[in-house]
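Model, not experiment: these values are computed from the prediction. For ligands, and for the atoms within them, numbers begin at 1 and follow the listed sequence. All residue numbers in this chain count up from 1 along the given sequence.
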Amino acid sequence: MSLANLYLHRRQERRVQRGHPWVFSNEVAIDRSPLTAFEPGDCVNVLSHSGKPLGTAYVNPHSLICARMLSAEPDCVLDDAMLASRISEALVLRETLGWLPFCRLVYGESDRLPGLVVDAYGDVLVAQIGTAGMERMRDGIVAALLELCRPSAVVLRNDLASRKLEGLDTYIEVAHGHCPEAVSVRENETEFEIAPLAGQKTGWYYDQRCNRALVAERSHGRSVLDCFSYVGGFGIQAARAGAASVLCLDASQSALECAARNASLNGVEGTVELRRGDAFDALRALRDEGRRFDVVVVDPPAFIRRRKDRRSGLEAYRRLNRRAMQVLADDGLMLSASCSFHLSPEEHQAMIAGAADDVGRWIQILTRGHQAADHPVHPGLPESEYLKALLIRVVRG
Ligand code: SAH
């Protein structure tokens with residue numbers, strides 16, 4: 001049996017034709033294929049204005065992104081078998097990387113599983129379902145994860161605010177087994193304890209794995225400031241690599257308590273100092289106290305979540321980087337990251353150069369960092385490539 005058709009408007013089909021996996025509701029020829037005829041999660045054949053098949057998608061008639069492509073082939077159905085085969089394909093990549101069982105197992109569209117993210121913390125898996133189409137498959141997702149990974153627990157961290165755009169409620173649920181309050185993560189030979197039920201996102205940010213190693217490699221014998229430290233990902237790896245001192249700075253008390261436990265876990269509690277506060281204020285205070293660091297990491301949350309926030313976000317990034325440079329020792333190193341997709345790598349670099357200019361310094365770019373390979377980039381979906389990090393040397397002007 002063939003699926004119902006979803007026709008696109010003339011001239012609105014090129015993006016999908018070129019491989020972008022999202023259809024926006026204004027691109028659909030609703031006179032020929034009314035969106036109201038579909039239930040969230042229904043699979044459809046997407047067709048160009050002239051009737052050329054573009055592939056299969058699942059729909060959500062209530063969302064701005066009203067269809068997400070599943071395949072370039074027509075008449076595919078997102079069923080338990082497809083879920084299992086795509087999750088097992090995703091596992092093959094992670095096996096190849098050698099990062100199991102501590103890595104991102106599934107990264108949405110990039111693993112041809114739009115709306116699904118899964119992170120592995122040993123034998124505890126934390127899934128995040130972002131769309132109505134995937135929510136409909138939740139039992140199949142849990143069953144496939146049990147079958148393929150044999151975890152002791154599967155947690156659904158379905159508390160993403162963006163679920164509201166899909167007409168979904170938000171909840172956290174242990175869908176299988178028992179999930180302890182704290183679970184272990186091992187990354188770059190460092191041990192962490194994180195909270196999969198209460199922490200940010202799924203509990204840990206695997207995307208910075210390689211950038212943390214970059215910083216650790218340069219930290220021996222140096223003083224390090226980990227600004228926006230969360231539970232100490234950068235700072236504690238730097239301390240383990242022999243940093244002389246590390247200051248972890250974050251606004252979240254619970255993140256810092258976790259960072260303190262992580263410092264002890266790695267025997268570096270003597271070198272790791274914690275400070276709670278707003279990073280902008282704390283950087284200014286550190287500057288005024290005369291504190292200087294050989295290595296500074298700035299890894300803020302996304303300041304540009306929507307395109308319309310670009311101006312104010314760009315200004316915030318520049319102000320932050322300026323302040324970070326003011327606490328950097330002469331000839332210091334800085335890793336400056338941005339996870340805002342709406343800030344391009346070119347703009348990110350120009351912003352950092354601008355911040356250096358503001359404080360009378362100049363910079364050299366040593367390494368360009370990216371999201372780790374367990375967050376692979378979908379070549380048709382620029383949005384899947386979001387993390388930028390420049391390791392720079394900051395020199396007196
Ligand atoms: N560097 C971390 C991830 C950072 S996520 C890692 O390697 O895992 C961003 C962090 O910024 C969160 O921990 C959040 O609590 C913190 N944060 C958000 N706004 C802040 C602010 N204004 N000042 C200080 N910390 C802030």
J.: Taking only heavy atoms of Gly277, which atoms of ligand 1 are found under 4.0 Å from at least one of them?
T.: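 Heavy-atom distances to Gly277 below 4.0 Å select 23 (N), 24 (C).
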
J.: Would you find more than 12 non-hydrogen atoms of other residues, nucleotides or ligands less than 6.0 Å from Glu273 atom CD?
T.: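 Yes, the 6.0 Å shell around CD holds more than 12 heavy atoms from other groups.
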
J.: Does Ala282 come within less than 4.0 angstrom of ligand 1, counting non-hydrogen atoms of the residue?
T.: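 The answer is no: ligand 1 sits nowhere under 4.0 Å from a heavy atom of Ala282.
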
J.: Closer than 4.0 angstrom, basic N to acidic O: yes or no for Asp226 and Arg212?
T.: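 Not counted as a salt bridge, because no side-chain N and carboxylate O are separated by less than 4.0 Å.
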
J.: Where is the nearest protein heavy atom to atom 22 (N) of ligand 1: which residue, which atom, and how far?
T.: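 Here the nearest protein heavy atom works out to Asp278 OD1, 2.7 Å.
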
J.: Has Glu181 got more than 12 heavy atoms of other residues, nucleotides or ligands less than 6.0 Å from its CD?
T.: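 Open.
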
J.: Non-hydrogen atoms of Ala255 versus ligand 1: any pair closer than 4.0 Å?
T.: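 No, that is not the case, since the closest heavy atom of the residue is not under 4.0 Å from the ligand.
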
J.: Identify the closest protein heavy atom to atom 8 (O) of ligand 1: which residue and atom is it, and at what distance?
T.: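 Nearest neighbour among protein heavy atoms for atom 8 (O) of ligand 1, to 0.1 Å: Arg212 NH2, 3.0 Å.
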
J.: So which protein heavy atom does atom 25 (N) of ligand 1 come closest to, and at what separation?
T.: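 Looking only at protein heavy atoms, the one closest to atom 25 (N) of ligand 1 is Ala251 N, 3.1 Å.
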
J.: Out of all atoms in ligand 1, which are within 4.0 Å of some heavy atom of Ser252? Include the element for each.
T.: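 Under 4.0 Å from Ser252, ligand 1 has these atoms: 15 (O).
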
J.: Relative to ligand 1, is Phe228 under 4.0 angstrom through side chain, backbone, both or neither, heavy atoms considered?
T.: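 Within the 4.0 Å criterion, Phe228 contacts ligand 1 through backbone and side-chain atoms alike.
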
J.: Could you find the nearest protein heavy atom to atom 10 (C) of ligand 1 and give me its residue, atom name and distance?
T.: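 The answer is Asp250 OD2, 3.5 Å.
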
J.: Could you establish whether Gln200 and ligand 1 come within less than 4.0 Å of each other, counting only heavy atoms on the residue side?
T.: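 The answer is yes, since Gln200 has a heavy atom less than 4.0 Å from ligand 1.
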
J.: Check for me whether the distance between the ring centres of Trp204 and Tyr121 falls short of 6.0 Å.
T.: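 No.
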
J.: Whether Arg68 engages the ring of Tyr58 as a cation-pi pair (distance to the six-membered ring centre under 6.0 angstrom, angle to the ring normal within 45°) should be assessed.
T.: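 Arg68 over Tyr58 ring: no.
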
J.: Atom CZ in Arg138, atom CG in Leu156: separation rounded to 0.5 Å?
T.: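 Output value for this atom pair is 5.0 Å.
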
J.: Quick one: look up the protein heavy atom nearest atom 23 (N) of ligand 1 and list residue, atom name and how far away it is.
T.: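 The closest one turns out to be Ala279 N, 2.8 Å.
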
J.: Is the CZ atom of Arg32 crowded by more than 12 outside heavy atoms at less than 6.0 Å?
T.: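 Yes - once you tally the heavy atoms of other residues, nucleotides and ligands closer than 6.0 Å, there are more than 12.
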
J.: Which one holds for Ser229 and ligand 1: side chain close, backbone close, both close, or neither close, with close meaning a heavy atom under 4.0 Å?
T.: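 It is the backbone that touches ligand 1; the side chain stays farther off.
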
J.: Using a side-chain heavy atom cutoff under 4.5 Å and only I, L, V, M, F, W and Y, what cluster partners does Met69 have?
T.: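 In the cluster with Met69 are Leu6, Leu8, Val16, Val23, Val28, Ile30, Leu35, Phe38, Val44, Val46, Leu54, Val59.
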
J.: For ligand 1, which atoms sit closer than 4.0 Å to a heavy atom of Phe234?
T.: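 What qualifies from ligand 1 is 1 (N), 7 (O).
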
J.: Which protein heavy atom lies closest to atom 3 (C) of ligand 1, and at what distance to 0.1 Å?
T.: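 Protein heavy atom with the smallest distance to atom 3 (C) of ligand 1: Asp299 OD2, 3.3 Å.
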
J.: Looking only at protein heavy atoms, which one is nearest to atom 19 (N) of ligand 1, and what is the separation?
T.: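 Minimum-distance protein heavy atom for atom 19 (N) of ligand 1 reads Pro301 CG, 3.9 Å.
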
J.: If you draw a 6.0 Å radius around CD in Glu39, do more than 12 non-hydrogen atoms from other residues or ligands fall strictly inside?
T.: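 No, because the 6.0 Å sphere around CD of Glu39 holds 12 heavy atoms or fewer from other groups.
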
J.: Does Arg319 qualify as a cation-pi partner of Phe280, given the criterion of NZ or CZ under 6.0 Å from the six-membered ring centre and within 45 degrees of its axis?
T.: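 Yes.
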
